[in-house]
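Taking it in order: structure first as structure tokens, then the write-up.
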Amino acid sequence: MSNGNAISAPTLKSTYKIASIPGDGIGPEVISAGVEVLTALTKCKKFEGQFELDFTHLDWGTDRYLKTGKYTPEDYLQQLKEYDAILFGSVGSPSVPDHISLWGLRLAICQPLQQYANVRPTRILPGTKSPLANCQPGDLDWVIVRENSEGEYAGQGGRSHIGEEHEVATELSIFTRTGVRRIAQFAFMVAQGRPRKMLTYVTKSNAQRNGMVMWDEVVREVAKDFPDVTLDHMLVDAMTVRMVLNPRSLDTILATNLHADILSDLAAALAGSIGIAPTANLDPSRKNPSMFEPIHGSAFDITGLGVANPVGTLWSCSEMLHWLGESEAAVGLMVAVEKVCEAGIMTKDLGGSAGTKEVTQAVIEELGKL
């Protein structure tokens, strides 16, 4: 599946400059696997000579923060704009509160670079199993489109009288008609490009009567421009039930920043493991580089053990290739990943016994057979 739904088409190049930000925890392990596989892809017989990937590794993470007080250099945005795409591992460490690390790095990239479309494809890969009874590959095949720039994660609010009994904390959800319209248009384009042409949008407009009601109104307005897409609406609580009990009834899903964040983790678990789930943080205008990352986080409990699942990163790498316009190579990469899974070469989270390096090497060997 291609996420190439953009306002402007990609510009093909002989060499793409990729900023690699491994980050924290298992981030360096899985990003290393991703870079190794992508390098092998460009050198395999089928794709050799078509394009090159030039990686620059940036040490932006918690170690840098603990030494300097900042996750990035002052000119980090200017640096990133020199690249065609960003490959991101994870951010977060037990030594730093999560809200500091998230806002210090990941959100500090997504928001100013206008990566407002967060796209998370989910499906059951061959050889893997869903925890849902009788759910087979093909029964669960979704793309979740998450608004990635405003809403519940707008960063607006504050605290006063800290530590007192009458302390007040506010967290404001900011929704704009422009923000909702552009993500709705993007989601309809994604749905339009998939065989079933179905879009389910998710809000909580029965209880949140302002921002969520506007969401409903704007999505229905945009729907008029896409008469070939079948549209339906779910409240977020009911959506969790539908995802579990009737996964085949869903295809493309649109939701707010918070709701889609939660629903996409549920989706990954229902597909077999959060370790396989990819993310594309896209600027559909292509004015800024887009960022690709696995959604599993830093996972310090397994850091350094060599058991991290690289599939989420490899799938994210495939999405990056799609976005760059190298869709044939993107498909080839996922074919190799799926063949490895089908052969039973999987990490523990998928029921296998292989380590990160074994899975990575198996994918590289499959690429050589393309």
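- Side-chain contact of Ser93 with Ser95: a donor-acceptor pair under 3.5 Å is present, judged by distance alone.
- Remark: the backbone N or O of Met214 is not paired with any side-chain donor or acceptor of Arg177 at under 3.5 angstrom.
- In this structure, Glu74 places its CD atom where only 12 or fewer heavy-atom neighbours from other residues, nucleotides or ligands lie under 6.0 Å away.
- A distance of 12.5 Å separates CE in Met320 from CE in Met291, rounded to the nearest 0.5 Å.
- Note on Phe175 and Tyr116: same hydrophobic cluster, where clusters join Ile, Leu, Val, Met, Phe, Trp and Tyr whose side-chain heavy atoms are under 4.5 Å apart, directly or indirectly.
- Annotation: the span from Leu113 atom CG to Leu77 atom CG amounts to 5.5 Å, rounded to 0.5 Å.
- Neither side chain, Ser298 nor Asp24, offers a donor N or O lying under 3.5 Å from an acceptor on the other.
- Side-chain contact between His99 and Leu107 is absent, with no heavy-atom pair separated by less than 4.5 Å.
- Using a 4.0 Å cut-off between a side-chain N of Lys or Arg and a carboxylate O of Asp or Glu, Glu338 and Arg123 qualify as a salt bridge.
- Using a cut-off of 4.0 Å between Lys/Arg side-chain N and Asp/Glu carboxylate O, Asp141 and Arg194 are scored as salt-bridged.
- Of the charged side-chain nitrogens involved, at least one lies within less than 4.0 Å of a carboxylate oxygen, so that Lys369 and Glu366 count as a salt-bridged pair.
- The closest donor-acceptor contact from the side chain of Ser149 to the backbone of Gln111 lies at 3.5 Å or more, if one exists at all.
- Using a 4.0 Å cut-off between charged side-chain N and carboxylate O, Lys204 and Asp237 make a salt bridge.
- For the pair Leu282 and Phe292, the minimum side-chain heavy-atom distance is below 4.5 Å.
- Lys197 contributes a side-chain N or O that, together with a main-chain N or O of Gln192, makes up a donor-acceptor pair within less than 3.5 Å.
- Salt bridge annotation for Arg242-Asp232: present, with a cationic side-chain nitrogen under 4.0 angstrom from a carboxylate oxygen.
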Next on the checklist: Is there a side chain to side chain contact (heavy atoms under 4.5 Å, CB included) between Tyr201 and Val222? Walk through the geometry before answering.
Outcome noted: CA-CA 12 Å; Tyr201 75 97; Val222 173; over 6 Å; no
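- For the pair Val307/Lys348, no side-chain contact is recorded, criterion being any heavy-atom separation below 4.5 Å from C-beta on.
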Checklist entry - Between Leu324 and Ile18, does a side chain to side chain contact (heavy atoms under 4.5 Å, CB included) hold up when you go through it step by step? => result CA-CA 11 Å; Leu324 293 173; Ile18 310 299; 4.2 Å; yes
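- Remark: side-chain polar atoms of Glu358 are paired, donor with acceptor, to backbone N or O of Gly355 under 3.5 angstrom.
- A 4.5 Å side-chain heavy-atom check between Thr240 and Leu263 finds at least one atom pair inside the cut-off.
- Looking only at atom types and distance, the side chain of Thr176 has a donor-acceptor partner in the side chain of Glu150 under 3.5 Å away.
- In this structure, the side chains of Met212 and His259 come closer than 4.5 Å at one or more pairs of heavy atoms.
- When atom types are taken as modelled, the side chain of Glu29 and the backbone of Gly304 share a donor-acceptor pair closer than 3.5 angstrom.
- Side-chain contact check for Ser173 and Glu171: no donor-acceptor pair (N or O, by modelled atom type) lies under 3.5 Å.
- In the hydrophobic cluster analysis, where Ile, Leu, Val, Met, Phe, Trp and Tyr join through side-chain heavy atoms closer than 4.5 angstrom, Val119 is grouped apart from Leu140.
- When hydrophobic clusters are built by joining Ile, Leu, Val, Met, Phe, Trp and Tyr residues whose side-chain heavy atoms come closer than 4.5 Å, directly or via intermediates, Leu314 is grouped together with Phe51.
- Between the CD1 atom in Ile144 and the CD1 atom in Ile253 there is a gap of 4.5 Å [rounded to 0.5 Å].
- In the model, Trp323 has a side-chain atom that pairs as donor or acceptor with a side-chain atom of Ser290 under 3.5 Å.
- Residues Asn148 and Asn257 are in side-chain contact: their nearest non-hydrogen atoms beyond the backbone lie under 4.5 Å apart.
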Checklist entry - Do Asn288 and Gln115 pass the side-chain hydrogen bond (donor to acceptor under 3.5 Å, both in side chains) test, and can you show the C-alpha distance, the side-chain angles, and the key distance before you say yes or no? => result CA-CA 8 Å; Asn288 301 295; Gln115 297 169 354; over 6 Å; no
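- In this structure, Leu125 and Trp315 have side chains that are in contact, with non-hydrogen atoms separated by less than 4.5 Å.
- Between His166 and His161, the ring planes lie tilted relative to each other; the angle falls in the 30° to 60° range.
- A donor-acceptor pair shorter than 3.5 Å can be found between the side chains of Thr203 and His233.
- Ring planes of Phe226 and Phe188: parallel class, angle under 30° (limits at 30 and 60°).
- With contacts defined as side-chain heavy-atom distances shorter than 4.5 Å, the pair Arg146/Asp261 qualifies.
- Linking ILVMFWY side-chain heavy atoms closer than 4.5 Å, directly or via other members, places Val202 and Ile262 in two distinct hydrophobic clusters.
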Next on the checklist: Would Asp54 and Thr15 count as a side-chain hydrogen bond (donor to acceptor under 3.5 Å, both in side chains) here? Give the steps.
Outcome noted: CA-CA 7 Å; Asp54 180 13; Thr15 300; over 6 Å; no
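- Trp103 and Tyr71 fall into different hydrophobic clusters, where Ile, Leu, Val, Met, Phe, Trp and Tyr side chains are chained together by heavy-atom contacts under 4.5 Å.
- Between Lys17 and Asp84, none of the side-chain N atoms (NZ, or NE/NH1/NH2) sits under 4.0 Å from a carboxylate O, so this pair counts as no salt bridge.
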